[in-house]
Amino acid sequence: MNEGGREQTARPWEDPQAQPFIRIENLRKEFDGFPAVDGVSLEIYQGELFAILGGSGCGKSTLLRLLAGFETPTAGRIFIDGADMAGLPPYERPTNMMFQSYAVFPHYSVAENVAYGLKKEGLDKAEVNARVEELLELVQLGDFARRKPRQLSGGQQQRVALARALVKRPKVLLLDEPLAALDKNLRERTQFELMNIQDRLGITFIVVTHDQDEAMTLASRIAVMEAGKFLQTGTPSEVYEYPNCRFVADFFGTINLFRGHPETCAPGRVRCEETGTMILVDPDAGHDEAAGGLTVAVRPEKIRLSREPSTQDGHTVMHGKVEDLAYYGNYSVYRIRTDSGKLIQVSSQNAGRSAELTLEWEDQVYLSWPRECSVVLTR
Amino acid sequence: MQTDSISLARPDMQPVPNSRSTGLDLRPMKPRSTFVLSCLFFGFAFLYIPILTMIAWSFNDSRLMSVWTGFSFRWYAALWENEQVIDALLLSLRIAFVSATFATVLGTLAALAMTRMGRFRGRTAFSGMLAAPLVMPEVITGLSLLMLFVSLQVLIGWPAGRGADTIAIAHITFGMAYVAVVVQSRLAAMDRSLEEAAMDLGGRPMAVTLDITLPLIAPAMLSGWLLAFTLSLDDLVIASFVSGPESSTLPMVIYSKVKLGITPDINALAAIIVGIVGTGVAIAGWLMVRTARRQAPARR
């Protein structure tokens with residue numbers, strides 16, 4: 001469908017030569033003086049599966065509706081494939097949307113639902129039928145063409161909505177919480193189906209979601225949104241491993257946060273407020289700019305547990321005892337109470353059949369993690 | 001005769017042949033308090049005994065309302081012979097049909113405007129004003145319309161006198177309010193993203209309204225139409241104000257006949273009207289319930 005998308009580099013946002021496909025400039029949308037989208041700028045490249053992630057009321061749906069043309073921006077501009085979208089109504093935009101409620105027309109059959117957009121384009125019947133059939137095959141609903149939506153399950157309705165939005169071959173497909181209404185098993189399957197379809201058609205997808213797992217597995221890049229602003233934009237591993245603020249760090253999975261102050265005489269050392277001990281960080285992390293103290297964030301899986309204190313160079317070491325442990329099969333989660341009373345969460349892979357370290361409640365342990373795993377957050 | 005018609009209105013003085021057929025099932029499925037059951041019984045009795053008594057008497061063979069001489073359809077046949085009544089019935093049906101149709105068009109437009117225009121200044125006031133005719137005393141509505149028609153006739157010569165046209169216009173005004181309320185509630189319950197999806201797929205606003213909105217609110221429009229139809233058929237007060245000498249609707253004819261003394265064929269006529277109105281209301285209700293059930297979120 002879109003040959004250009006496949007020839008691009010895998011990471012076009014790192015390529016200075018690459019032209020963004022969608023450009024959002026200082027977009028702002030106010031409702032009754034209250035900004036829902038507050039000065040957002042963004043560049044999305046062709047063939048990306050871009051996720052906008054945030055809690056409810058963060059403005060992510062408004063941003064999607066601005067792209068689709070259902071809302072008019074208060075300020076700022078949107079370009080899709082070089083064309084300014086200002087003043088274009090939804091029915092003239094090269095975007096199609098998959099709604100959270102699916103919005104499958106209840107009085108049309110599955111085939112009629114999918115055909116609707118093509119009929120409005122004025123295509124002749126034969127082509128409409130051919131493309132409807134093709135799309136229904138793609139979403140595996142070929143046998144359901146004549147059914148009415150109320151005879152379908154939620155997952156099938158979702159695929160009708162997807163086919164209906166794809167049949168017009170939009171330049172951009174907007175998906176509003178595409179998987180939120182599905183149950184867990186169906187969700188995982190659909191997730192991979194979505195990725196497959198996106199890969200095959202090469203259409204640029206913009207997904208809005210509140211589910212960080214969904215964003216992580218689906219997206220080529222993620223923008224984390226809060227109070228109408230983008231906090232961080234990056235690949236899933238970037239936002240997970242290198243969060244740039246406490247909100248983003250906390251949003252993705254669990255993380256241990258230590259409040260502290262940098263040692264002025266010794267770069268790369270942060271004295272933790274809560275434990276009183278020293279945490280080693282990257283000396284170039286630029287933590288000197290934080291006047292009111294900073295936060296060191298460490299992911300639970302980066303921390304190693306041992307009976308003896310680690311002597312490795314550049315490792316932060318703390319001591320505590322096991323307060324709680326939970327066995328999840330492929331990994332275990334420990335909650336360690338340090339001597340100063342702070343609770344730290346540690347997770348470890350159960351790689352071997354019997355763990356090399358068998359910990360029980362109340363066991364005394366040492367925690368350690370290398371310097372590069374300490375993420376310094378100043379916001 | 002006169003005393004009979006008075007006693008008709010007081011069912012407590014009459015034998016009550018039908019007290020058991022009020023639709024009340026007295027066999028309790030599980031123990032219920034006698035208090036609740038008797039409340040139910042007396043409530044429904046209060047509501048329906050007068051009507052049921054009247055229907056029962058319409059099958060009475062005797063001309064007298066106090067003696068039951070046997071079952072007969074003779075008053076229904078007599079009714080058929082009564083040209084004044086038949087003419088009035090046809091006029092009423094015509095007015096009801098025309099006014100319900102116009103009321104449905106206007107009421108639907110009003111409902112669309114109220115729900116789809118978004119928030120604007122004075123929206124609450126407008127939506128209150130749209131529903132106000134529902135609670136406005138009919139005497140006042142009738143009088144104000146009469147004054148309007150009279151002054152219009154003086155000013156622009158139209159309407160030339162009062163008759164079926166003016167009754168229909170008057171009925172449109174209150175029928176429209178009912179339609180608007182019914183359609184508005186359907187629109188409010190409808191998923192807005194259906195229209196957005198249609199627009200997103202290339203439907204221009206007019207096409208979206210025709211393709212998506214109207215089919216989905218059609219049942220509400222139909223029940224609004226039925227409601228307006230039956231209300232128009234029922235109306236006595238407003239019609240009396242705005243009718244002319246040549247145009248007496250059925251309720252007006254009945255009322256004038258009762259004033260002169262009731263004849264049993266009026267019972268038969270009333271029984272027929274109860275039947276028509278009851279059917280209309282039942283169909284309207286059934287349509288509403290059915291669409292509500294159909295368009296409820298699908299099984300997931």
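Chain letters run A, B, ... following the sequence lines, proteins first and then strands; every chain starts at 1. Note that this is a predicted model, so its numbers are computed, not measured.
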J.: What is the minimum heavy-atom distance between A/A163 and A/V139, and which atoms define it?
T.: CB-CG2, 3.9 Å
J.: Can you pull out the residues in residues 230-238 of chain B with any heavy atom less than 4.5 Å from chain A?
T.: none
J.: Only heavy atoms, only distances under 4.5 angstrom. Which residues in residues 29-38 of chain A are near chain B?
T.: A/D32
J.: Looking at B/R204 and A/E92, is any side-chain nitrogen of the basic one under 4.0 Å from a carboxylate oxygen of the acidic one?
T.: yes
J.: State plainly whether the residues A/E112 and A/K119 are in salt-bridge range, i.e. N to O under 4.0 Å.
T.: no
J.: Working to the nearest 0.5 Å, report the span between CD1 of A/I24 and CD1 of A/I44.
T.: 5.5 Å
J.: With a 4.5 angstrom heavy-atom cut-off, could you sort out which part of A/F70 is near chain B: side chain, backbone, both or neither?
T.: side chain
J.: Strictly by ring pair (Phe, Tyr, Trp, His ring centres under 6.0 Å), give each pair with a member in residues 190-238 of chain B just once, sequence neighbours left out.
T.: B/F97-B/W225, B/W225-B/F229
J.: Between A/Y108, A/Y116, A/Y91, A/F99, which has the largest tally of heavy atom pairs under 4.5 Å with chain B?
T.: A/Y91
J.: Measure the CD1-CG distance between A/I197 and A/L49 for me, rounded to the nearest 0.5 Å.
T.: 11.0 Å
J.: Does A/L138 form a side-chain contact (heavy atoms from CB on, under 4.5 Å) with A/L201? I'd like the steps, not just the answer.
T.: CA-CA 10 Å; A/L138 181 76; A/L201 303 181; 4.1 Å; yes
J.: Heavy-atom distance under 4.5 Å to chain B: side chain of A/R164, backbone, both or neither?
T.: both
J.: Test side-chain contact (heavy atoms from CB on, under 4.5 Å) on B/V281 and B/L226; report intermediate values, then the result.
T.: CA-CA 7 Å; B/V281 170; B/L226 284 166; over 6 Å; no
J.: Carefully, step by step, assess B/V179 and B/M221 under the rule side-chain contact (heavy atoms from CB on, under 4.5 Å).
T.: CA-CA 7 Å; B/V179 174; B/M221 286 167 66; 5.7 Å; no
J.: With side-chain contact (heavy atoms from CB on, under 4.5 Å) as the criterion, how do A/Q158 and A/R187 come out once you've worked through the C-alpha distance, each side chain's angles and the decisive distance to 0.1 Å?
T.: CA-CA 11 Å; A/Q158 193 248 18; A/R187 211 176 169 137; over 6 Å; no
J.: For residues B/D191 and B/S193, is any side-chain donor paired with an opposing acceptor at under 3.5 Å?
T.: yes
J.: Which heavy atom in A/V104 sits nearest to a heavy atom in B/L194, and how many Å separate them?
T.: O-CD2, 3.4 Å
J.: Side chain, backbone, both or neither: which part of B/D200 has a non-hydrogen atom closer than 4.5 Å to chain A?
T.: both
J.: Decide whether B/T213 and B/E195 meet the rule of one side-chain donor and one side-chain acceptor closer than 3.5 Å.
T.: yes
J.: Where along residues 164-177 of chain B does a heavy atom come under 4.5 Å of chain A, listed by residue number?
T.: none
J.: Between the side chains of B/E196 and B/R192, is the shortest nitrogen-to-carboxylate-oxygen separation below 4.0 Å, so that they form an ion pair?
T.: no
J.: Counting only heavy atoms from other residues, nucleotides and ligands, does the tally under 6.0 Å from CZ of A/R189 exceed 12?
T.: no
